[in-house]
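Everything on this sheet refers to the single structure shown next.
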Amino acid sequence: MDVELAFVQYAAYLALLQRHGVELIHAPEADEHPDGLFVEDALVVVDGQAILTRPGADSRRGEIDTIRPLVESLGLPLAVITAPGTLDGGDVLCVGRHIFVGMTTRTSPVGFDHMHRIAASIGRTAIPVDVPGCLHLKSAITALPDGSLIGVPGWFDATVFEHLGYRVHAAGEETGGDVLCLGNTVVLPADAPHTAQIIRDLGFDVDPIDVGELQKIEAGVTCMSVVL
């Protein structure tokens with residue numbers, strides 16, 4: 001990984017968010033937690049409810065302590081995933097009134113049970129999804145502006161979504177399952193041009209961005225930010 005290029009790509013990502021009118025709130029720097037860049041894994045926000053996770057990797061547990069004061073300063077209601085449960089925010093996909101939770105090496109059944117209780121408290125239903133093809137659920141499938149989904153075939157259990165009436169579009173590339181919606185615009189990796197065309201054909205604007213260096217450590221366009 002070219003670290004300098006990764007910083008350049010990350011800066012371009014932040015600039016893209018601002019170009020679309022997003023106000024940025026920066027988490028505290030924590031050089032001892034380099035994976036903290038992927039802030040989505042530490043914090044989930046649903047309907048104004050903040051949820052501090054308990055990452056599945058031991059090396060990432062300290063990220064929660066660095067971000068908690070910021071979350072508390074925002075004044076959002078706060079819930080916490082507690083031991084022995086583990087849950088990465090990259091495994092949490094909110095669509096409609098459902099919260100889909102990837103059952104991966106990073107998210108445990110106990111962590112899912114915690115999320116299920118939190119979801120019920122805000123009037124949503126948590127649904128487990130098997131994810132055999134990648135690290136996190138949102139590397140495999142994400143939502144489009146109309147509530148349909150785009151995903152990488154074979155990387156996740158599509159029947160869970162189909163049985164609930166969701167339409168799932170097949171991504172054109174393995175990097176095309178992780179997209180970020182900013183209004184009617186869909187941000188996706190620049191190395192997924194076929195997926196970009198599929199999304200255009202569905203009537204949405206697309207804004208591709210090069211995150212190639214960050215993809216080398218399994219990053220995507222959703223994991224580096226949390227929509228509050």
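In what follows, residues are counted from 1 in the order of the sequence shown. As the structure is a computational prediction, the values presented were derived from the model and not from experiment.
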Inset, instruction - Please collect all side chain to side chain donor-acceptor pair (under 3.5 Å) contacts where either partner lies in residues 165-178, sequence neighbours excluded, each pair once. - result: H98-Y166, S148-H169, E173-T195, T175-D191, D178-T222
Legend entry - R97: salt bridge (charged side-chain N to carboxylate O under 4.0 Å, His left out) partners, not counting sequence neighbours: D47
Inset, instruction - Would you give the length of the straight line joining atom CZ of F161 to atom CZ of F100, rounded to the nearest 0.5 angstrom? - result: 5.0 Å
Inset, instruction - List, by chain and then residue number, the residues other than F204 in its hydrophobic cluster (Ile/Leu/Val/Met/Phe/Trp/Tyr, side-chain heavy atoms under 4.5 Å); write none if there are no others. - result: L144, I150, V179, V186, L188, I198, I199, L202, V206
Inset, instruction - Would you give the length of the straight line joining atom CG of D31 to atom OG1 of T66, rounded to the nearest 0.5 angstrom? - result: 11.0 Å
Inset, instruction - Check ring-ring contact (aromatic ring centres under 6.0 Å, His included) between Y13 and all other residues, then give those that pass, not counting sequence neighbours. - result: none
Legend entry - Atom CD of E32: over 12 foreign heavy atoms under 6.0 Å: yes
Inset, instruction - Could you tell me whether the side chain of V168 reaches within less than 4.5 Å of the side chain of F156, counting heavy atoms only? - result: yes
Legend entry - Side-chain heavy-atom pair P189, V221 within 4.5 angstrom cut-off: yes
Legend entry - Partners meeting side-chain hydrogen bond (donor to acceptor under 3.5 Å, both in side chains) with D157 (sequence neighbours left out): T159
Legend entry - Heavy-atom side-chain proximity of V92 to L87 below 4.5 angstrom: yes
Inset, instruction - Report yes or no: does R60 contribute a side-chain atom to a donor-acceptor pair with the main-chain N or O of P55 at less than 3.5 Å? - result: no
Inset, instruction - Rounded to the nearest 0.5 Å, what's the gap from CG on D35 to CD1 on I217? Could you check? - result: 6.5 Å
Inset, instruction - Could you list the residues that satisfy side-chain hydrogen bond (donor to acceptor under 3.5 Å, both in side chains) with T107, not counting sequence neighbours? - result: D91
Legend entry - Close side-chain approach of V22 to Q18, heavy-atom, < 4.5 Å: no
Legend entry - Summary of salt bridge (Lys or Arg N to Asp or Glu O under 4.0 Å) pairs that have at least one residue in residues 216-228, sequence neighbours excluded: E213-K216
Legend entry - Validation row: E40, K138 side chains within 4.5 angstrom (heavy atoms): yes
Legend entry - Between CZ on residue R124 and NE2 on residue H116, distance to nearest 0.5 Å: 14.0 Å
Inset, instruction - Would you give the length of the straight line joining atom NE2 of H136 to atom OG1 of T104, rounded to the nearest 0.5 angstrom? - result: 5.5 Å
Inset, instruction - Name all pairs fulfilling the ring-ring contact (aromatic ring centres under 6.0 Å, His included) condition that reach into residues 23-65, sequence neighbours left out, sorted by first residue then second. - result: none
Inset, instruction - Quick one: pull up OH in Y10 and CG in L214 and give me the separation to the nearest 0.5 Å. - result: 9.5 Å
Inset, instruction - Sequence neighbours left out, what passes side-chain hydrogen bond (donor to acceptor under 3.5 Å, both in side chains) with H20? Give chain and number order. - result: D207
Legend entry - N/O donor-acceptor pair under 3.5 Å between D88 side chain and G56 backbone: yes
Which pairs of donor and acceptor atoms, one on a side chain in residues 67-82, lie under 3.5 Å apart (sequence neighbours left out)?
unit_1	atom_1	unit_2	atom_2	d
R68	NE	E72	OE2	3.0
S73	OG	L70	O	2.6

Inset, instruction - Using the test side-chain hydrogen bond (donor to acceptor under 3.5 Å, both in side chains), find all partners of D58 that sit at least two apart in sequence or belong to another chain. - result: R61
Legend entry - V110: partners by side-chain contact (heavy atoms from CB on, under 4.5 Å), with sequence neighbours left out: P84, S108, H114
